[in-house]
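Working notes, beginning with the structure itself.
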Number of protein chains: 2
Amino acid sequence: MITVAIAEDHQSLMDGINLLLKYKEGITIVGMANDGEALLEVVRNKRPEVVLTDIKMPKIDGIAVTKLIKKEFPETKVIAFTMFNQQEAITQMIAAGASGYLLKNSPLEEVLNAINAVSEGNTFFDSAIDLSFLNDDSDTSSKKPVLSKSEREILRYIGQGKSSSEIASLRFTAVSTVEKHRKNMIHKLGLSGKGELLRYALDRKYDF
Amino acid sequence: MITVAIAEDHQSLMDGINLLLKYKEGITIVGMANDGEALLEVVRNKRPEVVLTDIKMPKIDGIAVTKLIKKEFPETKVIAFTMFNQQEAITQMIAAGASGYLLKNSPLEEVLNAINAVSEGNTFFDSAIDLSFLNDDSDTSSKKPVLSKSEREILRYIGQGKSSSEIASLRFTAVSTVEKHRKNMIHKLGLSGKGELLRYALDRKYDF
DNA sequence: GAAAACATACCCATTAGGGGGTATTTTGCG
DNA sequence: CGCAAAATACCCCCTAATGGGTATGTTTTC
């Protein structure tokens, strides 16, 4: 009997998964959550063997909650179930400790296959995912982000519409410090021109 | 027997809907599509009574395909099934001829309720939707877009990262004309501050 | 420990964009 | 045809963001 917890903010999809698993022998859904925070509570209370989680969710996103779950319950298997097929998302979920990665564009039946695979100790990746980038170097999980921690924080604020002076207040630094970080990011990212940094911030799917 | 066609680019959700309706008396799914173009083909070939369609889909979006369907098959009922709870999306789907509007955040069971309602000639709106704006004036279906044609064109260019002078060149006008349009849009949209127009352009779910 | 990366803070300069408008012409609708 | 909306183009102003840097201190990496 495999116990499963699911986090998905679209209730309709949650219901669909429920319908799929409801009559399957050997699998029991022990909890469901519409956000990352609720998922953590479910995992703490119900101790599922497998967690199926979206990435883009309210409160705590799938990557962060996966890290928290793996830290507290290392034996719990986590599967990402998401619309994001980007290398960065995949890399981050794996780095966070996920054993599986499924795309919502794929048949719902894959959820079942993934749950069975990871519960046996295997990994499971959606066949639509090109995993070649994972072979580029052997320490992918320790690969450093292009942007530094401070840069990423500032980029997040930029994406939220904060001006440099607002960001400076939030971080207790001078405005010029924020502007210098901006310039560094623009240079690192190869951008140029007004608004390009904001555009980049908004184009990014996730903050890393 | 109600015949239904479904358009949804996330196959997993499509499968969930299928599971829901599969054993329901009185409803038959006669076709499924992953994009607007395929939906149109399905509707032409299968002539369903009810169409359930996402808005954000590849090729032809839900709004455009609804217009096409209603033009060619006025008796066919269309239900939007989407994550967008914005007034503009709702308004546009209604203007396109949709009889129903469902949110993916709601229970999957609502799909069934909506199908039954519209097949009886009623409208069906997700209870999570605030419809008060629909009462503002009685000619909602002919309601003009907030932004003028030129404004929308300029907004599109802004979203593509063009500067005002670049846009002016593209449109054979003075830069000041473009800037005036920008100010008009900012005022109409109730925005303020640097980058907000770009942000709005990028945040927009659809070009109207 | 040394070097590189990061963080902080400042200097100078330019300009795109937003804020306030006015005025005229063109277009679309009733 | 008249009127309102849209389009065009200009005036003035200010500043946030970007572009070029320098310099120092702190942290991280090898």
Side-chain angles (χ1 to χ4, degrees), chain A residues 137-139 141-204 207-208, chain B residues 95 137-204 207-208:
Chain A
D137 50 70
S138 57
D139 60 344
S141 61
S142 61
K143 186 169 169 94
K144 294 191 310 254
V146 174
L147 303 182
S148 72
K149 187 179 172 187
S150 289
E151 285 165 348
R152 299 193 308 265
E153 181 181 341
I154 288 170
L155 193 65
R156 187 158 56 239
Y157 284 130
I158 289 169
Q160 290 169 12
K162 309 291 183 195
S163 65
S164 294
S165 63
E166 285 170 331
I167 295 167
S169 293
L170 290 166
R171 302 183 84 247
F172 307 104
T173 64
V175 177
S176 60
T177 299
V178 174
E179 285 171 353
K180 186 64 185 174
H181 279 301
R182 295 182 74 129
K183 289 177 203 174
N184 290 339
M185 283 192 271
I186 286 170
H187 180 73
K188 281 186 183 181
L189 299 169
L191 306 175
S192 70
K194 286 274 166 77
E196 282 303 291
L197 199 52
L198 170 59
R199 176 187 193 77
Y200 179 83
L202 293 174
D203 270 351
R204 285 176 60 100
D207 297 332
F208 294 112
Chain B
D137 49 70
S138 58
D139 61 345
T140 296
S141 62
S142 60
K143 186 172 171 90
K144 295 193 307 263
V146 174
L147 303 182
S148 71
K149 187 179 171 187
S150 289
E151 286 165 347
R152 300 196 305 270
E153 180 181 342
I154 288 170
L155 193 65
R156 191 158 53 240
Y157 284 130
I158 290 169
Q160 290 169 10
K162 309 290 184 194
S163 65
S164 294
S165 63
E166 285 170 330
I167 295 169
S169 295
L170 290 166
R171 300 185 87 248
F172 307 105
T173 64
V175 177
S176 59
T177 299
V178 175
E179 284 170 354
K180 186 63 186 174
H181 279 302
R182 295 181 75 128
K183 290 175 198 175
N184 289 338
M185 282 192 271
I186 286 169
H187 179 73
K188 281 184 181 181
L189 300 169
L191 306 174
S192 71
K194 284 272 164 74
E196 282 303 291
L197 199 52
L198 170 58
R199 175 185 198 76
Y200 178 82
L202 293 174
D203 269 352
R204 279 180 62 101
D207 295 332
F208 295 112

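Just the heavy atoms: all of them, side chains too, but no hydrogens, waters or symmetry mates, feed the values below. By convention in this document, chain letters (A, B, ...) are assigned in the order of the sequence lines, proteins followed by strands, and residues within each chain are numbered from 1.
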B/Ser164 side chain reached by B/Arg182 side chain, heavy atoms, under 4.5 Å: yes
B/Leu191 and B/Met185, any side-chain heavy atoms less than 4.5 Å apart: no
Atom CZ of A/Arg199 to atom P of D/dA17: distance rounded to whole Å? 17 Å
A/Met185 CE to C/dA5 P, in whole Å, measures 18 Å
Rounded to whole angstrom units, what separation is found between the CD atom of A/Glu151 and the P atom of D/dT28? 15 Å
So which nucleotide from C/dG21, C/dG20, D/dT15 ends up closest to the side chain of B/Lys180? C/dG21
D/dA7 phosphate, OP1 or OP2, under 4.0 Å from B/Ser150 side-chain N/O: yes
Classify the nucleic acid contact of A/Ser165 as base, sugar-phosphate or nothing, counting any heavy atom under 4.0 Å across all strands shown. nothing
May I have the distance from B/Leu147 (atom CG) to D/dA7 (atom P), rounded to whole angstrom? 10 Å
Could you state the CG-C1' distance from A/Leu191 to D/dT18, rounded to the nearest angstrom? 11 Å
Selected nucleotide, minimal atom distance to A/Ser148 side chain, candidates D/dA16, C/dA7, C/dG18: C/dA7
Has A/Glu196 got a side-chain atom pairing as donor or acceptor with A/Gly193's backbone, closer than 3.5 angstrom? no
Which parts of residues 170-178 of chain A get close to DNA chain C, meaning a heavy atom less than 4.0 angstrom away? A/Arg171, A/Thr173, A/Ala174, A/Ser176, A/Thr177
Apply side chain to side chain contact (heavy atoms under 4.5 Å, CB included) to A/Asn184 and A/Leu147, showing your working. CA-CA 9 Å; A/Asn184 290 339; A/Leu147 303 182; over 6 Å; no
Nucleotide nearest B/Lys194 (side chain, heavy atoms from C-beta), chosen from D/dA7, C/dG18, C/dA7: C/dG18
When rounded to whole Å, the CD1 to P distance for the pair A/Ile158 and D/dT18 reads 7 Å
What nucleic acid atoms does A/Leu198 come within less than 4.0 Å of, heavy atoms only: base, sugar-phosphate, or nothing? nothing
Could you work out which one of C/dG18, D/dA17, C/dA7 sits closest to the side chain of B/Lys183? C/dG18
Which is true for A/Lys188 with a 4.0 Å heavy-atom rule: it touches a base, it touches only sugar-phosphate, or it touches nothing? sugar-phosphate
Pair A/Ser150-A/Ser148, side-chain donor/acceptor within less than 3.5 Å: no
Donor-acceptor pair, side chain of B/Thr173 and main chain of B/Ser169, under 3.5 angstrom: no
What nucleotide, of C/dC6, C/dG18, D/dA7, holds the atom closest to the side chain of B/Lys149? D/dA7
In whole Å, I'd like the distance from the CG atom of A/Asn184 to the P atom of D/dG21. 13 Å
When you measure from the side chain of A/Arg199 to the backbone of B/Leu198, do you find a donor-acceptor pair of N or O atoms at a distance under 3.5 Å? no
Please give, in whole Å, the distance from D/dA9 P to B/His181 NE2? 9 Å
Could you give me the CA-CA distance, side-chain angles and deciding distance for B/Glu151 and B/Lys188, then say whether side chain to side chain contact (heavy atoms under 4.5 Å, CB included) is met? CA-CA 11 Å; B/Glu151 286 165 347; B/Lys188 281 184 181 181; 2.8 Å; yes
Using a cut-off of less than 4.0 Å, is there contact between a side-chain N or O of A/Ser164 and OP1 or OP2 of D/dA17? yes
